[in-house]
Student: 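Questions regarding the structure given below will be posed in turn.
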Amino acid sequence: MTLKTIFRDLTLKTLEKLSTYEKVEKLNSIGLINTCLVDKILKFNYENKIGLYRIPTNLLPFPTHPSAMEWNWREIFKPCFEHTGKLAKDFGIKISFHADEYTIINSTNETVFQNSVQTLSYLSDVLDFMGVKGRIVIHIGGVYGDKNNSIKRFKSNFNKLPKSVREKLIAENDDKQYDWKDVLEISKELCIPMVLDIHHYKVNNLHDPLTTKDVKEIFSTWKDEKPKIHLSSPQNKKDLRAHAEYINIEDFLWFLNITKIFDYDIMLEAKAKELAALKFREDLKYLIKT
DNA sequence: TGAAGTCAAGGCGTG
DNA sequence: CACGCCTTGACTTCA
């Protein structure tokens with residue numbers, strides 16, 4: 001059994017050709033198709049004992065764009081999200097979002113920061129409507145030629161965010177700029193959990209190799225919550241950053257070896273999505289048996 | 001109905 | 001300086 005998980009979308013150009021009435025109709029229709037798809041995925045995950053799900057940020061089309069301001073999705077979709085949230089809770093599936101690359105909390109441009117606040121509020125409100133204790137993953141952002149100042153700006157801008165957003169954010173190490181030590185320091189100071197992405201770690205690590213002690217410190221940022229890591233495999237040797245279809249079990253074993261004493265969730269970032277998750281689990285089972 | 005070109009946004013690396 | 005990349009690509013147009 002495979003899932004066809006194609007989330008509907010539309011281009012701005014198409015949207016702007018429509019009358020106000022047509023716009024709302026179109027946006028509603030796409031939003032509804034996508035939320036129904038989420039319900040279907042949750043059901044699939046439950047049946048296949050997959051305990052996590054990351055909802056794509058394009059769940060709703062143009063949720064924060066000026067050209068769709070007349071669309072009051074919060075009012076219209078509240079019951080939908082309540083229903084979806086109830087499913088997630090009944091199935092025991094943890095929900096999360098990953099803010100897109102345009103969400104930059106530490107931007108030097110105030111407009112970019114304000115747009116980021118809008119996007120984060122959208123994601124936060126969806127989680128609140130769902131009534132789940134979901135998380136929103138973010139990266140630290142740009143460096144702008146001065147990492148120390150950019151980290152400072154991240155921290156001060158973080159504190160300008162609405163409380164409802166702040167309490168959902170979790171920070172992830174990235175593959176180019178902010179490595180795990182940078183993010184750990186920031187996470188500790190802001191008291192937010194850190195998601196360790198072990199693929200990004202391998203691509204971008206300026207420090208010593210990760211030890212069990214380091215992982216313990218990273219996991220301690222989660223307090224009473226079960227920690228989560230991100231796992232993916234590179235597309236190919238040349239293009240290390242892009243995600244492959246499936247997970248190569250080798251990319252996890254080294255980490256498993258230093259974390260056997262811990263209990264944590266694994267979010268897979270693989271293009272084959274649910275198929276990759278099922279295969280990963282089979283590979284792991286086979287390996288442990290032999 | 002298929003393939004090819006296009007798509008809101010930022011920051012960074014590459015040619 | 002223009003372009004591609006990142007995101008679990010998808011939409012739109014044109015044969």
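Quick note on labels: first sequence line is chain A, next is B, and so on, each numbered from 1.
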Student: Out of A:Ile192, A:Thr221, A:Ile151, which residue meets the side chain to side chain contact (heavy atoms under 4.5 Å, CB included) rule with A:Ile186?
Tutor: A:Ile151
Student: Under 4.0 Å, counting only non-hydrogen atoms across every strand here, what does A:Asp100 touch: a base, just sugar-phosphate, or nothing?
Tutor: base
Student: Look through every strand shown and name the nucleotide pairing with C:dT7 as Watson-Crick or G-U wobble, where both distances are under 3.5 Å.
Tutor: none
Student: From the list B:dC12, C:dC11, B:dA8, which nucleotide is the closest neighbour of the side chain of A:Leu10?
Tutor: C:dC11
Student: Report the distance from atom CD of A:Gln114 to atom C1' of B:dG10, rounded to the nearest whole Å.
Tutor: 16 Å
Student: Would you mind telling me which of C:dA10, B:dA8, C:dC6 lies closest to the side-chain atoms of A:Glu101?
Tutor: C:dC6
Student: Touch check for A:Thr14, heavy atoms < 4.0 angstrom, all strands: base, sugar-phosphate only, or nothing?
Tutor: sugar-phosphate
Student: Using atom P in both nucleotides, what's the gap between B:dA8 and C:dT12 to the nearest angstrom?
Tutor: 10 Å
Student: Paired with C:dC14: which nucleotide, if any, by Watson-Crick or G-U wobble criteria at under 3.5 Å for both distances?
Tutor: B:dG2
Student: Centre of A:Phe62's six-membered ring, under 6.0 Å away, within 45 degrees of the axis: is that where NZ or CZ of A:Lys23 sits?
Tutor: no
Student: Using the C1' atom as the reference point in each nucleotide, state the distance between C:dC6 and B:dA4 in Å, no decimals.
Tutor: 22 Å
Student: Using a strict threshold of under 4.0 Å (side-chain N to carboxylate O), is an ion pair present between A:Glu282 and A:Lys285?
Tutor: yes
Student: Using a 4.0 Å heavy-atom cut-off across all strands, classify A:Arg8 as base, sugar-phosphate, or nothing.
Tutor: sugar-phosphate
Student: Between A:Lys271 and C:dG9, does any side-chain N or O lie under 4.0 Å from OP1 or OP2?
Tutor: yes
Student: Give the rounded distance in Å between these two atoms: OH of A:Tyr122 and P of B:dA8.
Tutor: 16 Å
Student: Reckon A:Tyr144 touches a base, only the sugar-phosphate, or nothing at all at heavy-atom distances under 4.0 Å?
Tutor: sugar-phosphate
Student: Expressed in angstrom and rounded to an integer, what is the separation of A:Asn109 atom CG from B:dA8 atom C1'?
Tutor: 15 Å
Student: For A:His243 and C:dT7, is the shortest distance between a side-chain N/O and OP1 or OP2 below 4.0 Å?
Tutor: yes
Student: Quote, to the nearest angstrom, the P distance that separates C:dC11 from B:dG10.
Tutor: 23 Å
Student: Does A:Ser107 reach a base, just sugar-phosphate, or nothing at all? Heavy atoms under 4.0 Å.
Tutor: sugar-phosphate
Student: Give the rounded distance in Å between these two atoms: CG of A:Leu120 and C1' of B:dA9.
Tutor: 14 Å
Student: Given atom CD of A:Glu172 and atom C1' of C:dC6, what is their separation to the nearest angstrom?
Tutor: 12 Å
Student: So A:Ile6, base contact, sugar-phosphate only, or nothing? Heavy-atom distance under 4.0 Å.
Tutor: sugar-phosphate
Student: Taking the six-membered ring of A:Tyr144, is the NZ or CZ of A:Arg153 close enough (under 6.0 Å from the centre) and on axis enough (within 45°)?
Tutor: yes
Student: Round to the nearest Å and state the distance from A:Asn34 atom CG to C:dG9 atom P.
Tutor: 15 Å
Student: Return the value, rounded to whole Å, for the distance between atom CG of A:Asp175 and atom P of C:dC5.
Tutor: 14 Å
Student: Backbone N or O of A:Asp174 within a donor-acceptor pair of the A:Asp197 side chain at under 3.5 Å?
Tutor: no
Student: Report yes if the side chains of A:Ile41 and A:Leu37 come closer than 4.5 Å at any heavy-atom pair, otherwise no.
Tutor: yes
Student: What's A:Phe97 touching, base or sugar-phosphate or nothing? Going by heavy atoms closer than 4.0 Å.
Tutor: nothing
Student: Please answer whether B:dA9 and A:Tyr102 are stacked, defined here as ring centres separated by less than 5.5 Å and planes angled under 30°.
Tutor: yes
Student: OP1, OP2 of C:dT13 versus side-chain N and O of A:Lys17: anything below 4.0 Å?
Tutor: yes
Student: With a 4.0 Å cutoff (strictly under), does any side-chain N or O of A:Thr11 reach OP1 or OP2 of C:dT12?
Tutor: yes
Student: Using whole Å, report how far CD of A:Glu269 lies from P of C:dC5.
Tutor: 19 Å
Student: Rounded to whole angstrom, note down the P distance from C:dT7 over to B:dG5.
Tutor: 24 Å
Student: Exactly one of A:Leu120, A:Val117, A:Asp125 should register a side chain to side chain contact (heavy atoms under 4.5 Å, CB included) with A:Pro162. Which one does?
Tutor: A:Val117
Student: Quick check for you: among B:dA8, C:dC11, B:dG11, whose closest atom lies nearest to any side-chain atom of A:Asp9?
Tutor: C:dC11
